[in-house]
Amino acid sequence: MTAKHHAKNLSAQELGRRQFLTWAAAGCVYAGAPSMANAAKLLYPLNASKIAEKTWAVYGLPEYFTQENGGHIVNVAFIDAGDGVVVVDTGTSKRFGEALLALIQATIPNKPIIRVYNTHHHPDHVFGNQVFDASTIAATPQIIAALSRDGVAFADNLYRLLGDWMRGTEHVLPTVALESDSESIGDRTFSFTSLSGHTESDLIIRDDSTGVLFGGDLAFLSRAPTTPSANLPEWHDALDALEKMDRSVILPGHGPLDTTGESITQTRGYLTWLEASLRESVDAGLTMNEAMSVDIPEEFNNLYVVRTEFERSVVHLYRQFEDEILQEVEVTR
Ligand SMILES: [Zn+2]
């Protein structure tokens, strides 16, 4: 990496923090910008932003995992459902889960957590499970199986990226396998749509009383999508399904609240370009390194962490496209 490239990344990151503060400031009192001081004390500066009746989002930073942010990069949410609280995703670490639980208890005092949903098995969404009662944690059977398979490897990877922030973190499997289309929890009914494409199982949760869709990572907003477990054709189908769903707003797993459906069009557009770019690079016989350094079109260039995620996507997907596109040549010696 050149010095110039590095400097550009830093300023993009700083810009990201500033814009994040603008989102986070909507509907909540922000306790202060995350800083190196927080990193030294390993505190997650979590804040609750009201997004609908008795519904709060906790927004993550528009960044990649770093030792400074402790993996505070994901959106989670919670809902006051009368008899108790419903939580959607639990964050990156045990420590994050503890901070989330404290925030919930400060926002909605004296109510138990009666349901926790995991939208998919990626570590930034499920590694706070540990602080919640496992008997309340629910996901699709496929999410449970995937977390059971990948949990240890995901934890190893995050320990490498985040160090001490991860201390004591282990994956905890949901014990409630969601088989039906909906369930009543407290005074609310939640509807489920089981999709795939970002991962092998992506659960969309709709709160039927507010119309809020908790979209997990099927639709990103203002931040480049991640693809370590992606199946691009299935992801496009999922976006089509998501677009047709009745909703008031979408809370994406990363990025601000989506009131217009822009997360769907943006994610679709980015994935379409990503695939075309990979195909072109394979056709042109580029190496992976060369494929990583192609220009990113202007319409996607202002997405947070776009260069980082694009480079990671080349790593995740390039071999697959090479295998698909390049013809085997019979060689007679
Ligand atoms: Zn994800």
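Just follow the structure's listing: the first ligand is 1, and inside any ligand the first atom is 1.
Remark: of the listed residues H198, H316, R312, H316 is the sole one forming a side chain to side chain donor-acceptor pair (under 3.5 Å) with T227. The side chain to side chain donor-acceptor pair (under 3.5 Å) with H121 is formed by just one residue from the set T140, D202, D150; it is D150.
Side-chain contact between W56 and V85 is absent, with no heavy atoms from C-beta onward closer than 4.5 Å. Using a 4.5 Å heavy-atom threshold, the side chains of N118 and D89 count as touching.
Between R95 and D164, none of the side-chain N atoms (NZ, or NE/NH1/NH2) sits under 4.0 Å from a carboxylate O, so this pair counts as no salt bridge.
Of the possible donor and acceptor atoms, none in the side chain of R188 sits under 3.5 Å from a partner among the backbone N and O of T210.
Neighbouring protein atoms of the Zn ion (ligand 1) (N, O or S, distance under 2.8 Å, waters ignored): H120 NE2, H122 ND1, H198 NE2, D217 OD2.
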